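This report refers to the structure that appears directly beneath it.
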Protein chains: 2
Amino acid sequence: MTRGPRRSVHPDAVLDAALELIDEGALTMRALATRVGLTPGALYTYFPDRSAIVTALADRLLAEADLSLLDDPSLPPHQRVENYSLALREVLLAHPAAVPAILGAAFNGPMALRVGESLLGVLPDARATYTVMVYVLGAIALEAADLEAFGTPPPPEPDRVAARRAALLIDPEQFPRTYRELDTIAAYNSTGQFRWGLHRVLAGLSGS
Amino acid sequence: MTRGPRRSVHPDAVLDAALELIDEGALTMRALATRVGLTPGALYTYFPDRSAIVTALADRLLAEADLSLLDDPSLPPHQRVENYSLALREVLLAHPAAVPAILGAAFNGPMALRVGESLLGVLPDARATYTVMVYVLGAIALEAADLEAFGTPPPPEPDRVAARRAALLIDPEQFPRTYRELDTIAAYNSTGQFRWGLHRVLAGLSGS
DNA sequence: ACCTGAACACCGTTCAAGT
DNA sequence: ACCTGAACACCGTTCAAGT
């Protein structure tokens, strides 16, 4: 019974443009309006305010990670969690500037609910589920912050690790333990470290 | 040989005022200048720009958690990590609005380096150290985001858990597992969940 | 060096008026 | 309902000029 669209642009097109602008470094209502061919005031018939756009965007980004990775019955539970976590990490790190919004806003959104429900099907109890979410989102948040320091698009991971290693100038007298671990520290923000930590976390949750 | 101060206010006083304004909900250069009795432009003789203020503030906040908790030789390593983590959590959750800045900025700061060095004295290897930092900072970030939804000062933890529980209206048909765990989910942002998860993470790291 | 006053180039949001 | 044009009340930052 709904009539044809009266809007000149689809709300999803607004979110597309918003994500582009976040990736480019600055999401403003004025730039967003220009990009979709509207006047700033017109955006307020699509979303009540700027924060509603960011929230909607965060939830949509969360939806891009394939949730069915958690359901594959042919794989052991920990493998499913790892597969989904890696997928989520990839999706979110493709848009590092949007990550802070996700931690703040979207984990109350509708998609976050679905993620939680699926995770509960794989892990022993709710506390374990939350512990994994904390680790995965925490790692992604720290990586995203670091990633923003590089250009856009950022150089590949090995180059980033090498650049970080070269930038770490540590006084061995003052920070002897740090100095000894510089190679590992330079690789903190890497897929390898992410997986290593996730394995340890899951191991700890199994023994409970 | 340095002469007496020529500045009308100490840089630390600028940071004090900046933290107040963050806690009140909005740190602007203009409000900050007014609070310390200056004109906005004068702030730029103290800090090169707004982000430098936020970075300095984040590092100072990090310094408020007692690092010596990690060194106490009379306690087992895991107990020391827990004591410090709880102290850091308390310091940061007292200023939830400042937490995003800490994740983004300060973990390259001078104080972050000292935290890392001390942690390396307690935990087996650098990868384990980072895994703990990810868990602790991730949990604090998620809790801080939630805490900002409450007033200032926020109600005590049990009241917050109860309020969250009452707000969780879940369809048992669509989200059966979530529905079954509502009490636990309402307590995600609590000292108990934080400690439980930290114990599991540390257990996982011991077995490596 | 530190600070003021004033300006520049922006913001998010509102709202009467048009279609 | 959707949109424009214009305004309101802000921003961070710069800079000549004063001390």
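The shown structure was predicted, so the numbers you read here are calculated from the model rather than taken from an experiment.
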I'd like to check the side chain to side chain donor-acceptor pair (under 3.5 Å) partners of Arg50(A); sequence neighbours left out, ordered by chain and number.
none
Could Arg114(A) and Phe175(B) be counted as a cation-pi pair, given that NZ or CZ must be under 6.0 Å from the ring centre and within 45° of the axis?
no
OP1 or OP2 of dC2(D) under 4.0 Å from side-chain N/O of Ser8(A):
no
Using side-chain hydrogen bond (donor to acceptor under 3.5 Å, both in side chains), reason through Arg195(A) and Ser85(A) one step at a time and then give a plain yes or no.
CA-CA 9 Å; Arg195(A) 294 178 77 241; Ser85(A) 299; over 6 Å; no
Pick from Val122(B), Leu202(B), Leu137(B): which one makes a side-chain contact (heavy atoms from CB on, under 4.5 Å) with Val132(B)?
Leu202(B)
Atom CG of Leu38(B) and atom C1' of dC2(C) are separated, to the nearest Å, by 9 Å
Glu20(A): partners by side chain to side chain donor-acceptor pair (under 3.5 Å), with sequence neighbours left out:
Arg35(A)
Stem segments of DNA chain C by first residue number [Watson-Crick or G-U, under 3.5 Å, at least 3]
C:4-8 with D:12-16, C:12-16 with D:4-8
Is the Tyr135(B) to Tyr135(A) ring centre distance short of 6.0 Å?
no
Quick check on contacts: within residues 9-20 of chain A, what sits under 4.0 Å from DNA chain C by heavy-atom distance?
none
Set of side chain to side chain donor-acceptor pair (under 3.5 Å) partners for Glu117(A), sequence neighbours left out:
Thr178(B)
Quick one: does any side-chain atom of Glu143(A) pair with a main-chain N or O of Leu93(A) as donor and acceptor, under 3.5 Å?
no
Sugar-phosphate means primed atoms, P, OP1 and OP2; the rest is base. With that split, encode nucleotides 5-19 of chain D 5' to 3' as B, S or - using protein heavy atoms under 4.0 Å.
B-B---BBBB-----
Across the strands shown, which category fits Tyr46(A) at heavy-atom distances under 4.0 angstrom: base, sugar-phosphate, nothing?
sugar-phosphate
Intermediate values then yes/no, side-chain hydrogen bond (donor to acceptor under 3.5 Å, both in side chains), Asp71(B) and Tyr84(B):
CA-CA 10 Å; Asp71(B) 297 328; Tyr84(B) 175 72; over 6 Å; no
Step-by-step side-chain hydrogen bond (donor to acceptor under 3.5 Å, both in side chains) determination, Asn83(B) to Gln79(B):
CA-CA 6 Å; Asn83(B) 289 349; Gln79(B) 186 65 54; 3.1 Å; yes
In whole Å, what is the span from the CZ atom of Arg7(A) to the P atom of dC3(D)?
7 Å
